[in-house]
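Read the structure below first, then the notes.
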Protein chains: 2
Amino acid sequence: MSYANDMPTTTATSELASELRVSMMRLARRLRSERLDEGLTPTQLAVLGTLDRHGAMTLGELAAHEKVQPPSMTRTTAALEERGLVTRVSQSMDRRQVFIGISRDGLTLLREDRKRRDAWLAGRFEQLTSDERALLHAVAPLLDRLAQA
Amino acid sequence: MSYANDMPTTTATSELASELRVSMMRLARRLRSERLDEGLTPTQLAVLGTLDRHGAMTLGELAAHEKVQPPSMTRTTAALEERGLVTRVSQSMDRRQVFIGISRDGLTLLREDRKRRDAWLAGRFEQLTSDERALLHAVAPLLDRLAQA
DNA sequence: TATTGTTATACTCTATAACTATA
DNA sequence: TATAGTTATAGAGTATAACAATA
């Protein structure tokens with residue numbers, strides 16, 4: 001089965017962009033709604049994810065990464081620390097800096113959340129044929145390439 | 001070329017769910033960052049999109065659709081009306097109800113925003129082969145089916 | 001003197017409660 | 001009496017400005 005011939009190459013890429021954008025954003029929104037509601041704000045959740053993916057970093061780096069101002073990150077990390085989801089690690093020579101790292105509880109929470117959303121999505125896969133699932137499998141790395149830089 | 005055989009059917013659907021979720025959310029986030037910054041809040045932008053897709057509706061319906069309380073929607077629509085992006089249409093028998101509709105300027109703003117993001121995505125397509133683009137074309141309706149209900 | 005993070009304070013967005021107008 | 005929407009007020013999150021500690 002070939003997908004290449006389902007669509008003439010002359011089809012405007014902007015139309016493809018539009019249809020992919022709409023479908024993808026719709027599913028992304030639906031997937032977001034499946035998030036565990038642990039009373040965490042989007043920023044707090046994003047911080048946990050960042051710390052998980054990139055490891056401990058200073059408060060300033062974290063603020064830059066999440067595109068918020070340092071005072072906001074002070075509050076955000078304070079709230080996370082109060083719930084035991086992050087820890088302050090003083091591993092720097094520069095004693096002005098504050099290193100923030102994800103805690104075991106934070107990791108657990110993240111994994112539960114991901115597991116839950118994966119389970120929801122996997123459940124939705126049941127209505128697909130194995131060919132269609134294979135198609136999704138092939139598309140994931142393409143999405144990554146599109147997202148890069 | 002067959003995608004169906006690229007992956008044994010025994011592959012855990014949860015793994016596929018995870019890889020698709022991560023890739024898709026990443027691209028969705030990237031796409032969101034390409035939005036025009038017109039100083040609109042996410043809710044305001046969502047309201048414009050809803051009014052465009054579903055037409056004019058009462059303030060209460062709009063609040064329910066966006067999952068906010070009526071007083072919040074009063075503020076949101078007031079802000080949009082002040083900028084001329086929505087209009088109040090009194091087309092109801094029941095004079096308590098307030099119908100909100102998108103204005104010409106609101107439509108223009110929405111279209112500019114979509115055009116901009118489509119252009120960004122279409123630009124990214126240039127690094128793909130036509131086979132790969134065809135793959136994305138085939139996948140869009142699958143994403144829609146996954147998002148349904 | 002410059003830099004990292006915190007505290008003080010204000011603004012925005014949303015919520016609940018009380019109110020007005022209409023049914 | 002019930003309903004649609006608004007106004008009053010409070011809470012949460014983020015911003016800027018001023019400050020403290022360290023380099």
Side-chain angles (χ1 to χ4, degrees), chain A residues 29 32-33 35-51 54-83 85-102 106 109, chain B residues 29 32-33 35-51 54-83 85-102 106 109:
Chain A
R29 189 163 51 240
R32 249 194 329 273
S33 79
R35 272 198 174 138
L36 276 174
D37 183 12
E38 292 286 354
L40 294 184
T41 66
T43 301
Q44 288 170 353
L45 213 49
V47 163
L48 287 184
T50 295
L51 292 177
H54 298 100
M57 60 183 80
T58 68
L59 189 140
E61 290 169 339
L62 208 43
H65 197 282
E66 301 305 325
K67 295 182 175 42
V68 298
Q69 296 303 309
S72 303
M73 191 48 71
T74 293
R75 281 196 57 153
T76 299
T77 54
L80 289 171
E81 189 183 17
E82 197 170 342
R83 297 184 51 167
L85 302 175
V86 302
T87 53
R88 282 161 180 262
V89 190
S90 42
Q91 66 182 56
S92 175
M93 296 290 109
D94 186 337
R95 287 191 303 173
R96 290 172 307 183
Q97 291 186 331
V98 175
F99 270 76
I100 313 286
I102 192 166
L109 185 150
Chain B
R29 190 163 51 242
R32 253 195 324 278
S33 79
R35 271 194 175 140
L36 276 174
D37 183 12
E38 292 285 353
L40 294 184
T41 67
T43 301
Q44 288 171 352
L45 213 48
V47 163
L48 287 184
T50 294
L51 292 176
H54 299 99
M57 59 183 78
T58 68
L59 189 140
E61 289 168 340
L62 207 44
H65 197 282
E66 302 304 325
K67 296 182 175 41
V68 299
Q69 295 303 309
S72 303
M73 192 49 71
T74 293
R75 280 199 55 155
T76 298
T77 54
L80 289 171
E81 190 182 16
E82 196 171 342
R83 297 185 51 168
L85 301 175
V86 303
T87 53
R88 283 163 178 260
V89 190
S90 41
Q91 67 181 57
S92 175
M93 297 288 108
D94 185 337
R95 286 190 303 173
R96 290 172 307 183
Q97 291 187 330
V98 175
F99 270 76
I100 312 285
I102 192 166
L109 185 150

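Residue numbering restarts at 1 for every chain, and letters A, B, ... go by the order of the sequence lines. Side chains are part of it too, since the values below use all heavy atoms of this structure and drop only hydrogens, waters and symmetry mates.
- Remark: B:T77 pairs with B:L59, B:L62, B:M73, B:R88, B:I100 by the side-chain contact (heavy atoms from CB on, under 4.5 Å) rule, at least two apart or across chains.
- Atom CD of A:E66 is separated from atom C1' of D:dG13 by 15 Å (rounded to the nearest Å).
- Partners of B:R95 by salt bridge (Lys or Arg N to Asp or Glu O under 4.0 Å), not counting sequence neighbours: none found.
- Evaluation of the side-chain hydrogen bond (donor to acceptor under 3.5 Å, both in side chains) rule for B:T74 yields no partner, not counting sequence neighbours.
- The distance between atom CD of B:E61 and atom C1' of D:dG5, rounded to the nearest whole Å, is 13 Å.
- For the pair B:Q97 CD and D:dT6 P, the computed distance is 12 Å after rounding to whole Å.
- For A:Q44, the side-chain hydrogen bond (donor to acceptor under 3.5 Å, both in side chains) criterion is met by no residue, not counting sequence neighbours.
- A donor-acceptor contact under 3.5 Å is formed by the side chain of B:R96 with the base of D:dT3.
- If you take NZ of A:K67 and P of D:dA15, they are 12 Å apart, rounded to a whole angstrom.
- Taking atom CZ of residue A:R83 and atom P of nucleotide D:dA12, one finds them 13 Å apart after rounding to whole Å.
- Between A:L40 atom CG and D:dG13 atom C1' there is a gap of 14 Å when expressed in whole angstrom units.
- Considering only side-chain N and O atoms, B:T58 lies nowhere under 4.0 angstrom from the phosphate OP1 or OP2 of D:dA4.
- Considering only residues two or more places apart in sequence or on other chains, A:R35 meets the side-chain contact (heavy atoms from CB on, under 4.5 Å) condition with A:R32, A:L45, A:D113, A:R117.
- The shortest distance between the side-chain N/O atoms of B:T74 and the OP1/OP2 oxygens of D:dT6 is below 4.0 Å.
- For residues 61-74 of chain A, the set of pairs meeting the salt bridge (Lys or Arg N to Asp or Glu O under 4.0 Å) definition, not counting sequence neighbours, is empty.
- Taking atom CZ of residue B:R95 and atom C1' of nucleotide D:dT3, one finds them 15 Å apart after rounding to whole Å.
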Candidate pair B:V98 and B:T58, rule side chain to side chain contact (heavy atoms under 4.5 Å, CB included), full reasoning: CA-CA 5 Å; B:V98 175; B:T58 68; over 6 Å; no
Check: protein-nucleotides 16-18 of chain D nitrogen or oxygen pairs below 3.5 Å:
none

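- Projected onto DNA chain D by closest heavy-atom contact, B:R88 and A:D94 fall at different nucleotides, the more 5' of which corresponds to B:R88.
- The side-chain contact (heavy atoms from CB on, under 4.5 Å) search around B:R96 returns B:D94, not counting sequence neighbours.
- Interface limits on DNA chain C: the 5'-most and 3'-most nucleotides within less than 4.0 Å of chain A heavy atoms are C:dA2 to C:dT7.
- Distance, B:F99 CZ to D:dG5 C1': 13 Å, rounded to whole Å.
- A donor-acceptor pair under 3.5 Å is absent between the side-chain atoms of B:S72 and the main chain of B:V68, judged by distance alone.
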